[in-house]
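Starting from 1, each residue takes its place in the sequence as its number.
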Amino acid sequence: MADQAYDDQQGTRFERVRLTGAAFEDVYLDGARFHDVDLRGATLRMVDLRGLRARDVWLEDVDITGDVENLRINGVDVAPYVEAELDRLQPDRPKMRPTDAAGYREGWDAVERLWAQTVSRARTFPPELLHERVDGEWSFIETLRHLVFATDAWVRRALLGEPRPWHPLDLPHDDMPDSPPVPRDREARPGLDEVLALRADRMATVRRVVDDLTDEALAGSTEPVLEPGYPEPESFAVSRILRTILNEEWQHRLYAERDLDALAAAHGVADRDQAMRQ
């Protein structure tokens with residue numbers, strides 16, 4: 001969107017203003033200064049906080065999820081501690097950072113195993129709950145649909161060169177502009193088995209790619225796909241594409257498990273052993 005499409009109020013000063021319950025959507029606050037501001041109970045999503053400086057703050061009962069690097073609290077960079085603890089709690093997590101072809105095969109083995117556990121758990125839920133969103137996040141079914149899209153975009157199109165790999169149930173990320181011919185049917189409500197059949201086909205494609213992968217191919221780049229679609233015509237490093245897929249699969253399974261936890265608590269669904277979900 002062009003800059004002139006914004007209501008430009010740069011430098012506006014808000015003093016002794018009550019904005020409780022206000023919503024900010026597609027708003028630029030870079031370089032803004034907040035002093036004596038109450039943010040209790042605020043929700044921030046898709047917020048760029050790089051370079052944030054916070055002084056004399058109360059940071060209690062705070063839940064932060066995202067990419068954390070160079071985060072200093074009271075003078076201590078806590079990011080390495082967070083990373084080490086996540087690796088300790090989730091032994092398969094380091095496998096999502098492979099450096100050679102064999103490592104990508106091992107990482108995909110973990111993805112298949114963990115998603116099988118999550119799907120098995122989801123089958124114990126009433127079908128309607130798998131379409132229910134938690135805190136505005138995608139439902140379980142929508143999450144699976146998005147992973148189909150991710151495989152179509154990055155593996156089938158960018159890596160394998162299929163110009164139109166799309167299925168009508170593909171679900172792009174919400175902030176992606178419409179990119180015909182990529183579908184975006186937010187109202188579709190397919191059943192779990194229908195989406196899982198689609199997922200099985202796409203996961204089998206990734207399995208074939210990693211099984212045939214060599215270190216030489218991993219070090220290479222793709223040929224741009226010139227037809228309209230997503231991603232845009234560009235040459236991508238093969239390692240970037242496959243790392244993107246591993247990251248998508250890993251993160252969205254964590255989100256799915258988190259939301260299944262919330263649905264189970266809210267609707268009294270019998271939970272399973274915590275160890276199965278890690």
Side-chain angles (χ1 to χ4, degrees), residues 1-3 5-87 89-90 93 96 131-143 145-147 149-150 171-178 184 186 244 247-266 277:
M1 184 180 296
D3 290 341
Y6 288 89
D7 180 9
D8 193 345
Q9 300 187 39
Q10 294 187 55
T12 300
R13 183 179 181 88
F14 297 93
E15 188 170 353
R16 298 190 64 79
V17 176
R18 186 177 296 277
L19 295 175
T20 302
F24 299 87
E25 186 77 24
D26 198 13
V27 173
Y28 284 84
L29 293 171
D30 48 310
R33 185 176 66 88
F34 298 86
H35 179 262
D36 196 14
V37 173
D38 190 338
L39 291 174
R40 286 176 295 178
T43 298
L44 286 72
R45 293 185 58 194
M46 293 182 63
V47 175
D48 189 340
L49 295 176
R50 287 173 293 182
L52 174 70
R53 297 291 182 267
R55 300 289 184 265
D56 302 319
V57 301
W58 285 283
L59 197 65
E60 302 174 8
D61 301 320
V62 175
D63 186 356
I64 299 175
T65 301
D67 293 326
V68 179
E69 296 181 17
N70 302 320
L71 173 61
R72 302 182 72 84
I73 297 180
N74 293 333
V76 177
D77 184 1
V78 302
Y81 298 100
V82 172
E83 287 296 303
E85 181 65 4
L86 287 173
D87 285 349
L89 293 173
Q90 303 162 359
R93 188 172 183 266
M96 301 301 113
H131 290 284
E132 184 171 322
R133 290 186 166 193
V134 176
D135 294 332
E137 301 285 351
W138 278 330
S139 70
F140 188 81
I141 296 292
E142 288 173 322
T143 295
R145 291 176 57 199
H146 174 68
L147 291 173
F149 162 77
L171 186 62
H173 40 286
D174 288 341
D175 60 324
M176 183 184 116
D178 287 338
R184 190 201 299 273
R186 292 189 176 95
T244 295
N247 183 68
E248 286 281 305
E249 294 282 351
W250 176 265
Q251 294 294 343
H252 282 288
R253 194 194 72 86
L254 293 180
Y255 302 151
E257 287 285 359
R258 175 200 63 196
D259 292 347
L260 289 176
D261 286 342
L263 291 170
R277 295 183 271 116

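Rounding to the nearest 0.5 Å places CD1 of Ile64 at 9.5 Å from CG of Leu44. The CG atom of Leu263 sits 10.5 Å away from atom CZ of Arg258, with the distance rounded to the nearest 0.5 Å. Between atom CD of residue Gln90 and atom CD of residue Glu85 there is a gap of 9.5 Å, rounded to the nearest 0.5 Å. Between Glu257 atom CD and Thr143 atom OG1 the span is 11.0 Å, to the nearest 0.5 Å. The CD1 atom of Ile141 lies 11.5 Å from the CG atom of Leu171; values are rounded to the nearest 0.5 Å. From Asp259, atom CG reaches atom CG of Leu254 across 11.0 Å, with rounding to the nearest 0.5 Å.
The nearest pair of heavy atoms linking Asp175 to Met46 is OD2-CE, 3.3 Å. Minimum heavy-atom separation, Glu248 to Leu147: O-CD2, 3.7 Å. In terms of heavy atoms, Phe149 sits closest to Met176 at CZ-SD, 3.8 Å. The two residues His173 and Trp138 make their nearest non-hydrogen contact at CA-CH2, 3.7 Å. Across Ala54 and Val57, no two heavy atoms sit closer than the pair CB-CG1, 3.7 Å. The minimum heavy-atom distance linking Ala79 with Val68 is given by the pair CB-O, 3.7 Å.
Under the salt bridge (Lys or Arg N to Asp or Glu O under 4.0 Å) criterion, Glu137 pairs with Arg45, not counting sequence neighbours. Listed by chain and number, the residues in a ring pair (Phe, Tyr, Trp, His ring centres under 6.0 Å) with Tyr81 amount to none (sequence neighbours excluded).
A salt bridge is absent between Glu142 and Arg186; no separation between the charged side-chain nitrogens and carboxylate oxygens falls under 4.0 Å. A salt bridge is defined here as a Lys NZ or Arg NE, NH1 or NH2 lying under 4.0 Å from an Asp or Glu carboxylate O, and Arg253 with Glu249 fails to meet this definition.
Looking at Asp7, its side chain never comes within 3.5 Å of a backbone N or O of Gln9 through a donor-acceptor pair.
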* Worked check of side-chain contact (heavy atoms from CB on, under 4.5 Å) between Leu39 and Phe34 -> CA-CA 10 Å; Leu39 291 174; Phe34 298 86; 5.8 Å; no
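Sorted by first and then second residue, the pairs that involve residues 50-76 and meet salt bridge (Lys or Arg N to Asp or Glu O under 4.0 Å), not counting sequence neighbours, are Asp48-Arg50.
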